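Below is one structure; the comments refer to it alone.
Because the structure is predicted, anything quoted here is derived from the model rather than measured.
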Amino acid sequence: MLLIKLFRRAAYSLAVLAAFAGIVALSGCGKFIQPGQDTPGTDTPGTETPGENTPGQDIPGTDDPGEEPDEPGTDNPGGETEEPDSPSEPSGFTLLFGDEAQFYPGEAGEFTLSAEGYYMFQVLCDTEFSLNVVSNIPEPYSYTAGGINYSFSDDDYTSLFIDYFVNSPDRFYIPCEPGKFELKNVLATLRATDDLVLNVPAAVEYPYKLVVTSESGETITVLLNQA
């Protein structure tokens with residue numbers, strides 16, 4: 001009788017355990033996941049795996065290393081890069097007054113001599129050249145000296161203005177004294193008389209012109225006066 005009761009209790013316990021195991025199996029509790037294996041359905045929508053780009057979207061700073069950025073200020077609107085202008089240097093046929101003035105063939109320059117001192121010039125020329133100082137007073141103006149009428153266009157004042165360096169044929173200088181290059185004084189020296197009557201424009205700013213002529217016929221003209 002006692003054995004029958006024990007058997008019934010054991011059978012009852014087994015039935016309860018079997019029922020509990022079935023419930024656990026149906027609920028899925030306790031399922032084992034291998035390390036490194038993703039749980040299905042756990043990916044976050046819209047996220048990207050590091051290192052992978054979304055198609056059509058660039059990551060900042062990842063430009064093609066083969067393309068170099070343009071240097072600022074080097075683009076020409078026409079698409080060509082311009083070289084900066086080189087500083088201009090005297091070349092060819094040129095008249096120099098130290099580093100202060102440069103004169104070239106073409107439009108006449110202007111130069112004012114002081115009351116005193118020495119003005120040194122240099123001619124840059126590949127060939128021989130001539131040098132003259134003449135009048136800058138146009139026709140029909142004229143003057144009389146010692147009762148004789150003279151035309152300004154016939155005058156040559158070169159010897160009164162220019163002194164040469166013996167050993168430097170490409171250099172010359174103009175020695176100045178107070179009043180030396182006033183028109184009346186120049187004409188009195190040229191004609192060796194103080195008996196002068198001038199018929200000139202009311203205001204003559206530059207009464208003389210220095211003309212340098214190359215062997216090929218190019219001319220450099222500088223208008224002269226004295227302060």
Side-chain angles (χ1 to χ4, degrees), residues 87-146 148-227:
S88 60
E89 297 181 358
S91 60
F93 184 37
T94 310
L95 175 64
L96 303 178
F97 174 64
D99 295 329
E100 301 177 34
Q102 301 175 7
F103 303 99
Y104 304 93
E107 186 176 354
E110 298 173 352
F111 196 89
T112 297
L113 302 167
S114 65
E116 53 189 345
Y118 291 84
Y119 286 82
M120 299 185 185
F121 296 84
Q122 180 181 10
V123 179
L124 300 183
C125 188
D126 295 333
T127 61
E128 294 184 356
F129 62 90
S130 62
L131 183 66
N132 298 92
V133 178
V134 296
S135 175
N136 189 43
I137 299 174
E139 299 286 1
Y141 295 102
S142 62
Y143 67 97
T144 62
I148 303 174
N149 191 63
Y150 294 93
S151 173
F152 284 106
S153 61
D154 294 331
D155 288 352
D156 188 330
Y157 312 126
T158 306
S159 61
L160 305 181
F161 278 77
I162 304 300
D163 279 345
Y164 294 94
F165 291 94
V166 176
N167 297 322
S168 300
D170 62 333
R171 298 173 188 268
F172 65 92
Y173 64 96
I174 301 176
C176 298
E177 297 174 6
K180 178 179 179 179
F181 298 123
E182 289 183 11
L183 182 57
K184 278 189 175 182
N185 294 337
V186 169
L187 296 177
T189 302
L190 179 68
R191 301 301 175 185
T193 180
D194 291 332
D195 181 14
L196 298 170
V197 178
L198 305 184
N199 175 27
V200 297
V204 181
E205 187 175 2
Y206 294 94
Y208 319 104
K209 56 185 176 182
L210 169 65
V211 181
V212 187
T213 306
S214 71
E215 194 173 43
S216 63
E218 287 186 293
T219 60
I220 297 172
T221 303
V222 181
L223 306 183
L224 296 176
N225 64 8
Q226 185 176 26

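Between F111 and F121, the gap from one ring centroid to the other is short of 6.0 Å. For F97 and Y119, the gap between ring centers is short of 6.0 Å.
With sequence neighbours excluded, the residues forming a side chain to side chain contact (heavy atoms under 4.5 Å, CB included) with S142 are N149, N199, listed by chain and number. The side chain to side chain contact (heavy atoms under 4.5 Å, CB included) search around D156 returns N132, T158, not counting sequence neighbours. Residues satisfying the side chain to side chain contact (heavy atoms under 4.5 Å, CB included) test with E116, not counting sequence neighbours, are P178. In this structure, the side chain to side chain contact (heavy atoms under 4.5 Å, CB included) partners of S151, at least two apart in sequence or on a different chain, are E139, S153, D154. With sequence neighbours excluded, no residue forms a side chain to side chain donor-acceptor pair (under 3.5 Å) with S135.
For the atom pair CD of E218 and SG of C125, the computed distance is 8.0 Å after rounding to the nearest 0.5 Å. In this structure, the separation between CG on L190 and OH on Y150 is 8.5 Å, given to the nearest 0.5 Å. In this structure, CG in L95 is found 8.0 Å from CG in L131, a value given to the nearest 0.5 Å. Atom CG of L223 and atom OG1 of T112 lie 10.0 Å apart (nearest 0.5 Å). With rounding to the nearest 0.5 Å, the separation of CG in L113 from OH in Y118 is 13.5 Å. Taken to the nearest 0.5 Å, the CZ atom of F129 stands 10.5 Å off from the OG atom of S214.
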Practice problem: Starting from the C-alpha separation in whole Å, work towards a yes-or-no answer on side chain to side chain contact (heavy atoms under 4.5 Å, CB included) for Y141 and V204. | Solution: CA-CA 12 Å; Y141 295 102; V204 181; over 6 Å; no
Quiz item: Where do F161 and F181 land on the ring-ring contact (aromatic ring centres under 6.0 Å, His included) test, with the steps shown first?
Solution: CA-CA 8 Å; F161 278 77; F181 298 123; 4.1 Å; yes
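Residue pairs meeting the side chain to side chain donor-acceptor pair (under 3.5 Å) criterion with at least one partner in residues 202-213, sequence neighbours excluded, are E110-Y206.
With hydrogens and angles ignored, the 3.5 Å screen pairs no side-chain donor or acceptor of K184 with any backbone N or O of L198.
Results of the side chain to side chain contact (heavy atoms under 4.5 Å, CB included) test with F93 over D126, T127, L124, V123 single out V123 as the only residue that passes.
When side chains are defined from C-beta on, P169 does not count as touching E128, because their heavy atoms never get closer than 4.5 Å. For the pair P105 and I220, the minimum side-chain heavy-atom distance is below 4.5 Å. Side-chain contact between D155 and V186 is absent, with no heavy-atom pair separated by less than 4.5 Å. Proximity of P201 to I137: side-chain heavy atoms (C-beta onward) are separated by under 4.5 Å at one or more points.
The nearest pair of heavy atoms linking V222 to F103 is CG2-CG, 3.7 Å. Nearest heavy-atom pair, L196 versus A145, reported as atom, atom and distance to 0.1 Å: CD2-CB, 3.5 Å. Across all non-hydrogen atoms, the minimal contact from G179 to Q226 is C-OE1, 3.8 Å.
Environment of CG in D163: crowded, with over 12 heavy atoms of neighbouring residues, nucleotides or ligands closer than 6.0 Å.
Between the side chains of T221 and T219, no donor N or O sits under 3.5 Å from an acceptor N or O.
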